[in-house]
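To start, the structure under review is shown below, and the notes come after it.
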Amino acid sequence: MDQKIARRSFVVGSAAAAGILAAPAIRAQTPTTITFRFNDPEAPQMRAALDEFERANPTIKVNMQRISWADMQAQYLREAATGTAPDVVHISFVQPRSFGGGGALRALDDLIKRDGASLGAKGWDDFFARDLAEGADGKIYAVPWTTDTFTMMYNTEMFAQAGIAAFPTSWDGLRAASRTVAQRTGKAGWGFPAGSCATPTIWFFMNYFFWSNGPGWIDKAADGKYVMGVTPAQAQEALEYFKSYLDEGHNPRSNMSVCLWGAPELVEAMLSGNTAIASVPDTVAMEILAKWDQRNPGKKAPFATAPHPGGRNGSVTNFGGRMLGISPNARNVEQAWRLIRFLVTPEPTFTKHYTNYTPAQRSALTSRNWAPELAGYPRQLANSRSWGPYATGPVPIPFMWNAVGRAAGSVFIGEKTPAIAAAELHETIARELARTQR
Amino acid sequence: MYTTPRSFLVYALLPAFFFLACFYVYPSIFNIQTSLTDLGIFTLRRGGDWIGVDNYVELLTSPDFRRVLFNTVVWLTLAGVTVRIVLGLALAFLLNSRTLRKWRLTTAARLLLIVPWATPPVVAIIVWRWMLDPRVGSINSALTATGIVDQAIPFLSDANWVWPAILLIITWNTLPLVTLTFLASLQSLSAELVEAAEIDGAGPLQLLRYIYLPHLKPAIIVMVLMSTFWTFNNFVYVWLTTGAGPGLYTNVMATEIYIKGFIDGRLGYSAATGVVMATVMTLFGLVYLRVIAKRELVEESK
């Protein structure tokens, strides 16, 4: 018995001594784990990119967390307020200013100053939307990562069947084409998502409608103050315009149950030829083309893309996009920064893994090879604008986004007339502008 | 240690008071305090500035608030609870009936009844949303295939259908609890009492009026109270079914709190809405218990 105890004590003691002696070496080999909150649907592709990052940086492990774009803002801000946010966060172009101002992002000026020259393909100056990465205090809170814009995608065979030779360039022309396609093919024309939610697609289309003819909801006056740009009459005109698609029946009322631009219902409607026209970001257009190829091997896809209709200002859409930031509670800032540097470098992230997305860098944008069906995207990108006063002004974009979508929803179901909804919507945004600009 | 029964009681209740203070009193006070500030979601780390009762004034004078209150009280709560109580009673009588026993269907029917209750609300809502979908939904497929309607009905985005659709989902998911509660009460009713009434010549309506409903009254009182609280405060069913849309057509107080707090970013305003909501329910509970429940208890004791 004593012998057994002695032997056991010897074994335990030796193991403990070995552990103590080996601890520094083990610690040196133990990788640092950082968390990356990623919100796009391409999780497997991103995991593959992160695996490649881990192979190149064996001392860093990346734990990828997932959340939907709809929930990311509230979730992240709660976490940032309590010091539990992920190290690296995936945010949209419109968020760095408000997040940074609220202390929910770490300023990156010191890191960009040190490594800016080697950031991305051609250094920090090659990135665009850098104005949106800045806070009101002039500090940089995020690195632009990807960019996109909405472009019109249409079914060329259905257009030919309807006798339409070229994609229309005016808003009235688009409605006429949508109507004609529906009449001659029995299918939907422009089947845009008309549903209500906190982040409805109609927000983008209404802005394109306004911008192509003049002002935006909020503009910056010469004295630096922010003012209401759109009048109630202009808001009413836009609401009436989009409502007419539903009233005339060339956008089916079932699309009132669809809210988001990449909804499977819309993708399927384009693939099946039940809808002739869609307005989608390049990632969704690529998804449609990929699925078409999968279902119809060897057959040419009957799709083409063209810029949105225009008005006095031509065709204007917004530069959408995503950025990467570091949370204020990140303990491993150097490792988080190394991950950001890896992800914004086009090779291999965008060339091997995250291939549906375009880096938010001028050099990458100009050198990108677009498929013939997607030729409308570079043309549209050339006519895209930043959110500008929306992002730098005092009214949070999510507030306007929600308000515009709700107003449109109440008009589409006939609960309110366009005139009443437009007046209420204008008053809602004007009141918030007055409150937040005080 | 416990010198008197009174001190024993105090010590025994201390843990409960501690938890109540931590998880109910403190959050309530914090919420009231937040409602008096302009705290925003982007200024969580910095905190909000004191603005007095501005949030309450804005809320109570807002035309949107009247609509939200109407949706919450009339559609969600009044209609929802009424449907649930009436259907719950009907199903309880059915499950307690001699006919069902005679056909040996009682066990199967009770098991079937438990299925919706065992289904988590999120799952139930997703399944119902799919069934109600105008493109691929089984309900619309059945309606169009049988010629009942020419075109599919967008149940969740049509003003005429959206509230009935929400109530259908809530009722389906929550009816079993109400039914089982009434069924348990019915089963505690003495069979001799019913037989005696029948021998005395009481018909079905008289049995219902003079035997069953008086016996079920305490259960009905409790279920109405509990259902009202659950329904009035409920967020999940409306938010996941319609997102408070189309437009804000189905916006209720719980979804309004979420929209104002986490979409518009106005946490102070959202907290004020929460305080008003809690006040409304407290008042309802007090009035209900004092007026209805107390009267019933007095009658019971006579």
Side-chain angles (χ1 to χ4, degrees), chain A residues 70-71 73-78 80-83 95 97-104 194-200 252-259 264-265 268-269 274 328 395-396 398-403 405-416 421 424 428 431-432 435-436 438, chain B residues 38-49 51 54-55 58 62-64 67 129-130 132-137 140 151-162 165 239-251 255-256 258-270:
Chain A
D71 297 321
Q73 176 170 296
Q75 176 72 13
Y76 177 75
L77 291 174
R78 277 196 297 264
T82 53
Q95 288 167 329
R97 191 177 175 89
S98 49
F99 282 23
S196 301
C197 60
T199 53
R253 297 194 82 79
S254 57
N255 276 344
M256 284 168 56
S257 62
V258 184
C259 187
E265 296 96 324
E268 200 52 46
N274 280 325
V395 181
F399 178 92
M400 291 190 282
W401 197 341
N402 180 49
R406 301 293 177 182
S410 67
V411 169
F412 293 160
I413 60 167
E415 183 194 5
K416 290 176 185 169
E424 287 179 1
T428 300
R431 197 172 52 228
E432 189 65 7
R435 193 183 73 80
T436 49
R438 272 203 299 255
Chain B
D38 65 353
L39 182 70
I41 199 164
F42 301 114
T43 56
L44 269 176
R45 284 168 70 90
R46 206 179 56 213
D49 293 325
I51 55 166
D54 283 8
N55 285 326
E58 186 183 340
S62 156
D64 287 345
R67 203 253 300 268
R129 279 186 60 159
W130 175 76
L132 294 167
D133 187 89
R135 291 176 192 77
V136 293
N140 267 311
Q151 279 195 325
I153 301 169
F155 287 104
L156 300 179
S157 51
D158 185 317
N160 297 317
W161 288 100
V162 66
W239 187 253
L240 292 185
T241 307
T242 63
L248 284 169
Y249 195 75
T250 57
N251 197 18
T255 51
E256 174 73 354
Y258 183 82
I259 289 172
K260 283 289 183 286
F262 296 110
I263 295 170
D264 291 353
R266 300 184 62 192
L267 294 175
Y269 185 91
S270 184

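Note on naming: letters A, B, ... go to the chains in the order of the sequence lines (proteins, then strands), and numbering restarts at 1 for each one.
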Fill in: pair B:F42-A:R97: side-chain heavy atoms closer than 4.5 Å
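No - every pair of side-chain heavy atoms lies 4.5 Å or more apart.
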Region of [X] that comes under 4.5 Å of a non-hydrogen atom in chain A:
{"X": "B:R266", "answer": "side chain"}
{"X": "B:I259", "answer": "side chain"}
{"X": "B:D133", "answer": "side chain"}

Using non-hydrogen atoms only, which part of [X] is less than 4.5 Å away from chain B: side chain, backbone, both, or neither?
{"X": "A:E432", "answer": "side chain"}
{"X": "A:N274", "answer": "neither"}
{"X": "A:P328", "answer": "side chain"}

Worksheet entry | Basic-acidic side-chain contact under 4.0 Å: A:E415, B:R67 | yes
Practice prompt. Look up atom OG in A:S257 and atom CZ in B:R135, then write down how far apart they are to the nearest 0.5 Å.
Written response: 4.5 Å
Worksheet item: If you measure from CG on A:N402 to CG on B:L248, what distance do you get to the nearest 0.5 Å?
Response: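 So the CG of A:N402 and the CG of B:L248 are separated by 7.0 Å.
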Worksheet item: Short question: side chain of A:S196, backbone of B:P246 - any donor-acceptor pair under 3.5 Å?
Response: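 Side chain of A:S196 to backbone of B:P246: no pair is present.
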Discussion item. Please rank B:I263, B:V136, B:T43 by heavy-atom pairs under 4.5 Å with chain A and give me the top one.
Written reply: B:I263
Worksheet item: With chain A, which of B:A244, B:A159, B:P63 has the greatest number of heavy-atom pairs at distances under 4.5 Å?
Response: B:A244
Discussion item. Quick check on the interface: out of A:M256, A:E424, A:Q73, A:R406, who has the most heavy-atom pairs with chain B under 4.5 Å?
Written reply: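 The option with the most such pairs is A:R406.
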Discussion item. Counting heavy-atom pairs closer than 4.5 Å to chain B, which one of A:A421, A:S98, A:A74 comes out on top?
Written reply: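 Most heavy-atom pairs within the cutoff with chain B belong to A:S98.
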Worksheet item: Would A:R78 count as a cation-pi partner of B:F262, with NZ or CZ less than 6.0 Å from the six-membered ring centre and within 45° of the ring normal?
Response: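 Yes; both conditions hold, so A:R78 lies above the ring face of B:F262.
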Fill in: More than 12 heavy atoms from other groups under 6.0 Å of CH2 on B:W239
yes
Worksheet item: Looking only at heavy atoms, which two atoms of B:L44 and A:A81 are closest? And how far apart?
Response: CB-CB, 3.7 Å
